[in-house]
Amino acid sequence: MTVHHRSISWFVWLLLLSFPFTAGTGLAQTREASSCIACHGQLDGEMVEAVAAWAYDVHQEAGLGCVGCHGGDPSPDLADDPGAAMDPGAGFRPVPDRLEVARFCARCHSDADFMKRFDPQARVDQLAEYRTSVHGIRNEAGDPTPATCTDCHGTHGIRPVSSPESPVYAANVPTTCAECHSDAEMMEPYGVPTTQLAAYMKSMHAAALLERGDLAAPACNDCHGNHGATPPGVQSVANVCGQCHGREATLFRASPKEEIFEAMEVAECTVCHDHHEIVHPTPELFHSGSAPFLGVGEIVDPSPFLAEIDLLEPDTPVMASWRVVIRPHTEAEDPGLEHRVEIEGAGIDPIVLDATVRPGDRLVEPDVPRVGTSGPLQATLGIEGLAGNPVAAGDALLLQLDLAAGDPVENVTIRDLLADRLQPFEGSACLTCHSEGDACDLATERMYAALRDLDRE
């Protein structure tokens, strides 16, 4: 049997007219038939999709109809007379231009008296805030590209912010913002990078929000704002972070560092912790010896570790070392802990060493090495748990690779192949400003040693 789209459209329309719509409270509310629903229910594509989505729209649940936004005459007897139903004389308003959407929505949402009929606590300053944002300023200047109300909230089928199906539900905000901010073509004219989501997904904030379901953990809007979305200025970053990290903000402001950072005109928290890719703060964060090391050759990328050696001479062993951190709240059976180290060289098969360490593992000191051989090249990998035994989620691991060759091996590459539950480590944040061996570096070394001993005990 062939079912035509028109038949499906009529079926959807009949369902919408036959069943009461369910409000967020679970109470049934019947809705009167209208020319809008009857006509659009007979159409295809976006037209009928709007009808189906409207059944779950927050405005519909509040008792509003199509005419609340679009005007016109919804009388059921005009279902076959679109000219009369959409007569401008009856107040019909077509889909607004993108430059008009904010004002279009604000006709109700900026009207305190009107909004109190539905939600006395509803804010009515969204348009004013939007006009202060980067999006709103550009929109007001005539640029239709930046985000407006419908880009974030949707059009028909708008869900309450508290609904997990809403694009602006806390756990959905990162991907909603990324619809634009990960689009290189869209961002190119503005000189805006598109790496924010990828970096955020590696952060402690994303782990808390998206993996543990902690809705108090920050998404994009917690730092940048909602309707007034703007990157925080250098001097306000600490205030932004301090909204959640109040204790840390208070301690920092009582330290000598605050005056130094102000004089340098740098953003306090992000100098050490970064912006989007905020990592788990292990003691390695300030340990001056935590940077990757390579005895001969070049470290191409410290995060994750990638190194190249043009020529490995016979009887001249080479050592490489680097650190990784097991992400907090990782279970021992998590497949994201799979870890390999690959060594390649000209004219030989790759050596792949298993570097997997799981929470609960006990690493013998020194750990039983992983050994691999290919042609004249031998690789030996040792792993140390820097917080002691047993290894736990959140701990740092030190990997030390020793290479030796019986004959010359050219174009040797060392590549750390770590899965997503392992966090690569570039080295001490302190050395961004300090020099190895200065007074502060020596002090942090003492702190590092004390903390590592505490961990081990």
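None of these values were measured; they are calculated from a predicted model. In this chain, residues are counted from 1 in sequence order.
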Donor-acceptor pair, distance only, cut-off 3.5 Å: does the side chain of [X] make one with the backbone of [Y]?
X: Glu344; Y: Pro350; result: no
X: Asp222; Y: Ala219; result: yes
X: Asp416; Y: Leu418; result: no
X: Asn389; Y: Leu363; result: yes
X: Thr270; Y: His273; result: no
X: Thr176; Y: Asn172; result: yes
X: Ser236; Y: Pro232; result: no

Is any side-chain heavy atom of [X] less than 4.5 Å from a side-chain heavy atom of [Y]?
X: Val192; Y: His181; answer: yes
X: Leu399; Y: Leu381; answer: yes
X: Asp111; Y: Val124; answer: no
X: His227; Y: Ser133; answer: no
X: Thr194; Y: Asp183; answer: no
X: Arg107; Y: Arg93; answer: yes
X: Ile299; Y: Leu306; answer: no
X: Asp274; Y: Val279; answer: no

Calculate, to the nearest 0.5 Å, the distance between atoms [atom1] and [atom2] belonging to [X] and [Y] respectively.
X: Ile158; Y: Cys149; atom1: CD1; atom2: SG; answer: 9.0 Å
X: Gln196; Y: Ser203; atom1: CD; atom2: OG; answer: 12.5 Å
X: Asp310; Y: Asn411; atom1: CG; atom2: CG; answer: 6.5 Å
X: Asp395; Y: Glu384; atom1: CG; atom2: CD; answer: 11.5 Å
X: Ser374; Y: Asp349; atom1: OG; atom2: CG; answer: 4.5 Å
X: Cys220; Y: Asn226; atom1: SG; atom2: CG; answer: 10.5 Å

Parallel, tilted or perpendicular: rings of His59 and Trp54 (30°, 60°):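 Rings of Trp54 and His59: parallel, as their planes differ by under 30°.
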
[X] versus [Y], closest heavy-atom pair with distance:
X: Pro335; Y: Ala419; value: O-CB, 4.4 Å
X: Ala332; Y: Leu337; value: O-CD1, 3.8 Å
X: Thr132; Y: Gly228; value: OG1-CA, 4.0 Å
X: Leu431; Y: Glu436; value: CD2-N, 3.8 Å
X: Gly394; Y: Val325; value: O-CG1, 3.7 Å
X: Ala102; Y: Arg131; value: CB-NH2, 4.1 Å

Intermediate values then yes/no, side-chain contact (heavy atoms from CB on, under 4.5 Å), Glu284 and Leu386: CA-CA 9 Å; Glu284 310 305 311; Leu386 295 176; 3.4 Å; yes

Listed once per pair and sorted, the ring pair (Phe, Tyr, Trp, His ring centres under 6.0 Å) pairs that draw on residues 423-457, sequence neighbours left out: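 Listed once each, the pairs are His287-Tyr448.
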
For the [atom1] atom on [X], are there more than 12 heavy atoms of other groups (residues, nucleotides or ligands in this structure) within a distance under 6.0 Å?
X: Met447; atom1: CE; answer: yes
X: Glu211; atom1: CD; answer: yes
X: Met187; atom1: CE; answer: yes

State whether a side-chain donor-acceptor pair under 3.5 Å links [X] with [Y].
X: Ser110; Y: Gln126; answer: no
X: Thr330; Y: Arg421; answer: yes
X: Asp125; Y: Tyr130; answer: no
X: Asp441; Y: Ser288; answer: yes

Sidechain N-carboxylate O distance under 4.0 Å for Arg212, Glu331: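 The answer is no: the pair does not qualify as a salt bridge.
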
Glu140 with Arg103: basic N within carboxylate O range, under 4.0 Å: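 Salt bridge between Glu140 and Arg103, a charged N being under 4.0 Å from a carboxylate O: yes.
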
Test log, rule salt bridge (charged side-chain N to carboxylate O under 4.0 Å, His left out), inputs Glu248 and Lys257: CA-CA 13 Å; Glu248 289 77 9; Lys257 294 291 185 186; over 6 Å; no

Working for side-chain contact (heavy atoms from CB on, under 4.5 Å), residues Leu312 and Leu403: CA-CA 9 Å; Leu312 187 61; Leu403 298 178; 4.1 Å; yes

Arg98 and Asp151: CA distance, side-chain angles, deciding distance, salt bridge (charged side-chain N to carboxylate O under 4.0 Å, His left out) verdict: CA-CA 10 Å; Arg98 282 186 59 81; Asp151 294 302; 2.8 Å; yes

Check against side-chain contact (heavy atoms from CB on, under 4.5 Å), His280 and Arg327: CA-CA 7 Å; His280 177 55; Arg327 294 187 185 277; over 6 Å; no

Non-neighbouring partners of Phe286 that pass ring-ring contact (aromatic ring centres under 6.0 Å, His included), sequence neighbours left out: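 Residues passing ring-ring contact (aromatic ring centres under 6.0 Å, His included) with Phe286: none at all.
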
Stepwise side-chain contact (heavy atoms from CB on, under 4.5 Å) check, Ile343 with Leu401: CA-CA 10 Å; Ile343 304 97; Leu401 179 69; 4.0 Å; yes

Side chain to side chain donor-acceptor pair (under 3.5 Å) partners for Arg340, two or more places apart: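 Expected list: Glu338, Asp354, Thr356.
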
